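The shown structure was predicted, so the numbers you read here are calculated from the model rather than taken from an experiment. Counting starts at 1 for both ligands and their atoms, in listed order.
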Amino acid sequence: MYTTLKEECFEANMQLPKLGLVLFTFGNVSAVDRERSVFAIKPSGVPYEKLTVDDIVICDYDAKIVEGKMRPSSDTKTHASLYKTWDSIGGIVHTHSTYAVAWAQAGLDIPIFGTTHADHTHQDIPCAPALTDDMIQGDYEYETGNQIFNVFAEKGLSYKEMEMVLLQNHGPFTWGKNADKAVYNAAVLEEVARMAYLTLQINPNTPRIKDSLRLKHYERKHGVNAYYGQGC
Ligand SMILES: O=C(CO)[C@@H](O)[C@H](O)COP(=O)(O)O
């Protein structure tokens with residue numbers, strides 16, 4: 001019944017180890033079917049080299065299993081929360097890619113130093129603060145989603161223009177119009193994180209890219225007049 005959705009999710013998951021974004025069973029990818037209000041997600045703890053299309057689990061927006069023999073990812077409620085709230089995203093990725101996790105563990109936004117970053121988003125890439133003790137004791141995965149919504153609201157960011165976020169003490173989440181775009185964004189985030197780290201190693205006082213150049217680059221790539229923001 002959900003073969004095509006499972007195949008889309010499976011193929012996107014298999015890109016993560018090929019792109020060097022995960023080891024062993026780290027990370028997970030999901031893909032949504034908006035017409036049926038369900039999403040497909042990687043099962044928890046399954047090594048990528050052993051993963052099959054049949055293992056992919058179908059869940060609803062309350063993270064309840066609709067179809068599948070295996071336990072869905074431990075991040076399923078975070079994926080569900082993002083799909084439920086941000087209604088134009090089609091795919092979500094979580095990885096433990098090295099440089100993005102390093103910035104997340106440091107609790108720092110990734111500054112926008114150059115056009116490689118600006119081609120993909122015209123703001124610093126936000127790091128959502130670590131979960132509080134109450135959140136950790138509560139519904140941890142849903143609270144992870146809430147921390148992401150909170151940092152976007154505080155910074156006035158649009159999830160349609162900023163398709164990536166770091167979660168302190170944890171790692172990166174990215175999204176996009178489909179699972180493939182979410183994987184692309186995960187690879188971009190890791191490369192931008194690496195470049196930013198190396199930039200600061202070379203010059204700890206590196207200034208951010210000037211506004212005119214960062215906005216022009218984003219506009220050229222996305223046809224969006226970034227000068228006036230596109231909050232949503
Ligand atoms: O961040 C974590 C665990 O620290 C998880 O995201 C794992 O990286 C993947 O867990 P499963 O999807 O296999 O449950």
Side-chain angles (χ1 to χ4, degrees), residues 2 5-6 8-32 38-83 89 91-107 125-133 135-149 151 163-176 179 182-183 185-187 189-190 193:
Y2 299 101
L5 183 63
K6 287 183 177 183
E8 177 191 353
C9 180
F10 172 77
E11 293 302 333
N13 271 282
M14 297 311 288
Q15 290 184 59
L16 297 189
K18 288 176 186 165
L19 291 165
L21 297 174
V22 294
L23 281 176
F24 310 128
T25 64
F26 297 179
N28 39 73
V29 181
S30 66
V32 76
V38 296
F39 60 94
I41 192 163
K42 181 179 177 287
S44 184
V46 176
Y48 289 86
E49 65 273 14
K50 294 188 180 342
L51 187 67
T52 70
V53 173
D54 285 346
D55 295 335
I56 299 296
V57 185
I58 302 295
C59 294
D60 65 17
Y61 291 171
D62 293 319
K64 298 284 185 290
I65 297 174
V66 171
E67 182 185 288
K69 305 182 294 295
M70 305 184 87
R71 184 164 59 89
S73 165
S74 55
D75 297 305
T76 297
K77 288 184 177 180
T78 303
H79 289 241
S81 176
L82 296 179
Y83 284 129
I89 60 178
I92 299 169
V93 170
H94 167 56
T95 76
H96 288 216
S97 61
T98 305
Y99 285 89
V101 168
W103 281 92
Q105 291 180 162
I125 297 165
C127 183
L131 299 186
T132 65
D133 285 339
M135 290 173 174
I136 292 166
Q137 299 309 323
D139 199 333
Y140 180 93
E141 289 80 22
Y142 269 124
E143 292 297 353
T144 296
N146 289 338
Q147 283 296 72
I148 294 171
F149 300 140
V151 77
E163 296 184 318
M164 46 193 75
V165 70
L166 304 175
L167 189 77
Q168 189 176 4
N169 300 149
H170 193 165
F173 283 83
T174 62
W175 50 89
V183 170
N185 285 332
L189 172 52
E190 175 61 8

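Between Tyr61 and Val38 the shortest side-chain heavy-atom distance does not fall below 4.5 Å. Phe39 is not listed as a side-chain neighbour of Cys9, based on a closest heavy-atom distance of 4.5 Å or more. In this structure, the side chains of Gln168 and Gln105 stay at 4.5 Å or more apart for every pair of heavy atoms.
Near Phe26, the atoms of ligand 1 lying under 4.0 angstrom from a non-hydrogen atom of the residue are 8 (O). Taking a cut-off of under 4.0 Å to the non-hydrogen atoms of Ser74, the atoms of ligand 1 that pass are 5 (C), 10 (O), 11 (P), 12 (O), 14 (O). Below 4.0 Å from some heavy atom of Thr25 lie the following atoms of ligand 1, by number and element: 9 (C), 13 (O). Within the listing of ligand 1, atoms 6 (O), 9 (C), 12 (O) sit less than 4.0 angstrom from a heavy atom of Asn28. When each atom of ligand 1 is checked for a heavy atom of His94 under 4.0 Å away, the hits are 1 (O), 6 (O).
Of the protein's non-hydrogen atoms, Ser73 OG, 2.6 Å is the one closest to atom 12 (O) of ligand 1. Nearest protein heavy-atom contact of atom 3 (C) of ligand 1 is His96 CE1, 4.1 Å. When only non-hydrogen protein atoms are considered, atom 5 (C) of ligand 1 lies nearest to Asp75 OD2, 3.4 Å. When only non-hydrogen protein atoms are considered, atom 13 (O) of ligand 1 lies nearest to Gly45 N, 2.8 Å.
Atom CG of Asp133 sits in a sparse spot, with 12 or fewer heavy atoms from other residues, nucleotides or ligands closer than 6.0 Å.
The ring of His170 has its center closer than 6.0 angstrom to the ring center of His94.
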For this session: Evaluate the side chain to side chain donor-acceptor pair (under 3.5 Å) criterion for residues Thr174 and Asn185: first the C-alpha distance (whole Å), next the side-chain angles of each, then the deciding distance (0.1 Å), finally the verdict.
Result: CA-CA 6 Å; Thr174 62; Asn185 285 332; 5.7 Å; no
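A donor-acceptor pair shorter than 3.5 Å cannot be found between the side chains of Thr78 and Tyr140.
For Gly27, a nitrogen or oxygen atom sits less than 3.5 Å from a nitrogen or oxygen atom of ligand 1, counting backbone and side chain alike.
Across Arg71, His79, Glu141, His170, heavy-atom proximity to atom 1 (O) of ligand 1 is greatest for His170.
The side-chain tip of Lys42 points at the ring of Tyr48 from less than 6.0 angstrom away and within 45° of straight on.
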